[in-house]
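If you read the sequence from its start, that first residue is 1, and numbering goes on from there.
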Amino acid sequence: MTFGSYWRDLMPRVHQVAEQLCAEGLLEYNKGGVSHGQNRPSGAYRLRLIPVIED
């Protein structure tokens with residue numbers, strides 16, 4: 001799947017879902033290899049899945 005030039009239109013929804021998943025403890029924000037947890041840093045960042053540890 002390619003997004004072409006429409007990817008910018010999708011970003012508000014991407015941010016909304018990322019914020020929700022971070023609040024649920026499933027994702028975290030990373031910038032420059034440093035975790036920012038639930039706090040979205042300014043500029044470019046990465047999203048990292050938080051491993052689920054099952055008992």
- Task: Please step through side chain to side chain contact (heavy atoms under 4.5 Å, CB included) for the pair Leu26 and Ile50, ending with a clear verdict.
- Result: CA-CA 5 Å; Leu26 300 172; Ile50 296 176; 5.9 Å; no
- Would you find more than 12 non-hydrogen atoms of other residues, nucleotides or ligands less than 6.0 Å from Arg46 atom CZ? no
- Indicate the atoms forming the closest heavy-atom contact of Glu28 with Ser35, along with that distance. OE1-OG, 3.0 Å
- Query: Side chains of Leu47 and Tyr29: closer than 4.5 Å at any heavy-atom pair?
  - Reply: yes
- Query: So, Gln20 and Glu24: side-chain donor and acceptor under 3.5 Å apart, yes or no?
  - Reply: yes
- Message: Could you see if Tyr45 belongs to whatever hydrophobic cluster contains Val14? Use Ile, Leu, Val, Met, Phe, Trp, Tyr and a side-chain cutoff under 4.5 Å.
- Response: no
- Item | Same apolar cluster: Val52 and Leu21, side chain cutoff 4.5 Å | no
- Closest heavy-atom pair, Pro51 versus Arg48, reported as atoms and distance to 0.1 Å, is CD-NH1, 3.9 Å
- Task: Nearest 0.5 Å please: distance from the CZ atom of Arg8 over to the CE atom of Met11.
- Result: 9.0 Å
- Identified side chain to side chain contact (heavy atoms under 4.5 Å, CB included) partner of Cys22 from the options Arg40, Gln38, His36: Gln38
